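Quick caveat: nothing in here was measured; it's all calculated off a predicted structure. Just so it is clear: chains get the letters A, B, ... in the order the sequence lines come, proteins before strands, and each one is counted from 1.
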Amino acid sequence: DIVMTQSPDSLAVSLGERATINCKSSQSVLYNSNNKNYIAWYQQKPGQPPKLLIYWASIRESGVPDRFSGSGSGTDFTLTISTLQAEDVAVYYCQQYYATSTWTFGQGTKVEIK
Amino acid sequence: QVQLVESGGGVVQPGGSLRLSCAASGFTFSSFDMHWVRQAPGKGLEWVAFIRSDESNKYYADSVKGRFTISRDNSKNTLDLQMNSLRTEDTAVYYCAKRKIECTTPDYWGQGTPVIVSS
């Protein structure tokens with residue numbers, strides 16, 4: 001199975017500052033035939049289900065603010081919140097959907113206000 | 001708008017069974033593959049099972065293989081998860097989720113139903 005490892009486990013960022021979350025997959029999730037990285041990012045606030053933010057590693061889901069961006073390729077990926085807002089306090093998960101019959105999440109990164 | 005409403009959760013003893021259901025509306029249910037994902041208390045997300053729109057393929061996490069069965073009724077717009085031989089480590093909130101058109105990752109999620117396995 002593809003293992004997804006996020007870093008850090010938690011981070012505290014001042015309002016208006018940048019937050020960066022890393023995600024590493026145990027094998028490449030880049031599908032050469034279409035040059036797409038099979039990675040998604042989710043945001044989960046307390047007591048709520050996850051919300052899809054990013055898919056194909058860098059495509060923002062409809063309605064997601066443009067302060068959220070995804071980057072990376074192969075095995076290393078990043079979710080960036082360019083200017084942290086109070087409503088961005090949440091746990092963020094990366095997920096791979098490269099494997100045909102399993103979908104795996106990272107362990108999550110908790111983002112708090114400094 | 002897309003709505004997914006899970007039901008059937010509750011308290012069950014180890015070794016027992018439970019059947020979860022997910023009622024879907026706001027989209028053409030029969031056209032979309034579906035997932036079950038769970039989250040243990042205070043823990044991260046764990047994918048559980050996946051079913052194709054026509055039930056042609058079903059996939060399971062190793063942790064539930066042989067014990068859980070995913071199924072659907074496209075005439076009733078419902079997704080089910082039959083859980084047998086439950087263990088304490090199956091305690092979690094169980095979410096049903098619809099796959100995105102462009103890729104198999106989930107886009108819309110229900111609010112979840114809690115399952116507690118305890119003696």
Side-chain angles (χ1 to χ4, degrees), chain A residues 1-7 9-10 21 23 25 29-31 33-64 70 77 90-110, chain B residues 1-7 9 20 22 24 27 32-52 55-65 68 70 79 92-114:
Chain A
D1 286 4
I2 300 175
V3 177
M4 308 299 292
T5 304
Q6 293 181 227
S7 62
D9 289 334
S10 65
I21 301 168
C23 176
S25 56
V29 294
L30 172 63
Y31 196 45
S33 66
N34 60 11
N35 200 36
K36 289 184 175 181
N37 288 282
Y38 285 54
I39 286 288
W41 288 95
Y42 291 88
Q43 174 194 65
Q44 188 179 30
K45 297 180 180 180
Q48 295 184 19
K51 174 187 175 183
L52 178 64
L53 297 177
I54 302 278
Y55 60 100
W56 296 134
S58 62
I59 307 298
R60 256 188 314 275
E61 178 74 335
S62 175
V64 173
F77 300 90
V91 179
Y92 293 84
Y93 296 91
C94 62
Q95 184 220 27
Q96 67 80 21
Y97 49 97
Y98 178 89
T100 309
S101 58
T102 58
W103 290 255
T104 47
F105 293 89
Q107 80 277 17
T109 296
K110 187 174 185 178
Chain B
Q1 71 281 20
V2 173
Q3 280 201 323
L4 298 166
V5 180
E6 301 93 339
S7 62
L20 306 183
C22 172
F27 65 104
F32 285 87
D33 306 336
M34 298 290 293
H35 294 269
W36 283 101
V37 178
R38 68 184 180 184
Q39 186 168 35
K43 302 296 184 182
L45 301 169
E46 180 188 16
W47 171 78
V48 172
F50 172 89
I51 185 169
R52 292 287 183 196
E55 295 192 269
S56 57
N57 293 100
K58 303 177 184 181
Y59 303 115
Y60 300 91
D62 287 344
S63 58
V64 307
K65 203 171 291 183
F68 289 14
I70 189 172
L79 173 74
V93 173
Y94 284 73
Y95 297 100
C96 70
K98 163 193 164 294
R99 72 159 278 180
K100 193 165 173 57
I101 293 175
E102 297 89 334
C103 52
T104 61
T105 202
D107 55 359
Y108 288 92
W109 300 61
Q111 289 298 312
T113 187

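- Taking a cutoff of 4.0 Å between a charged side-chain nitrogen and a carboxylate oxygen, A/Asp9 and A/Lys110 do not qualify as a salt bridge.
- No other option in B/Val48, B/Thr105, B/Asn57 has as many heavy-atom pairs under 4.5 Å with chain A as B/Thr105.
- Checked against ring-ring contact (aromatic ring centres under 6.0 Å, His included), B/Tyr95 has the following partners two or more places apart in sequence or in another chain: B/Trp109.
- For B/Lys43, the salt bridge (charged side-chain N to carboxylate O under 4.0 Å, His left out) criterion is met by no residue, not counting sequence neighbours.
- Taking the six-membered ring where the residue is Trp, B/Phe27 and B/Phe32 present perpendicular rings, their angle passing 60° and hence far from 30°.
- Side chains of B/Ile70 and B/Met34 form no contact here, defined as non-hydrogen atoms less than 4.5 Å apart.
- In this structure, A/Trp56 has its ring center under 6.0 Å from that of A/Tyr38.
- If you measure heavy-atom distances from A/Thr102 to chain B, the contacts under 4.5 Å come from both the backbone and the side chain.
- Chain B forms more heavy-atom pairs under 4.5 Å with one residue of A/Gly47, A/Ser101, A/Ala40 than with any other, namely A/Ser101.
- With sequence neighbours excluded, no residue forms a ring-ring contact (aromatic ring centres under 6.0 Å, His included) with B/Trp36.
- Top candidate by heavy-atom pairs under 4.5 Å with chain A, chosen from B/Ala97, B/Gly44, B/Ala61, B/Pro106, is B/Pro106.
- Between A/Gln44 and A/Ala90, the closest heavy-atom pair is O-CB, 3.4 Å.
- Along residues 91-99 of chain A, the residues that come nearer than 4.5 angstrom to chain B, judged on non-hydrogen atoms, are A/Tyr93, A/Gln95, A/Tyr97 in order of number.
- Options B/Gln111, B/Gln39, B/Lys100 differ in how many heavy-atom pairs under 4.5 Å they form with chain A, and the most are formed by B/Lys100.
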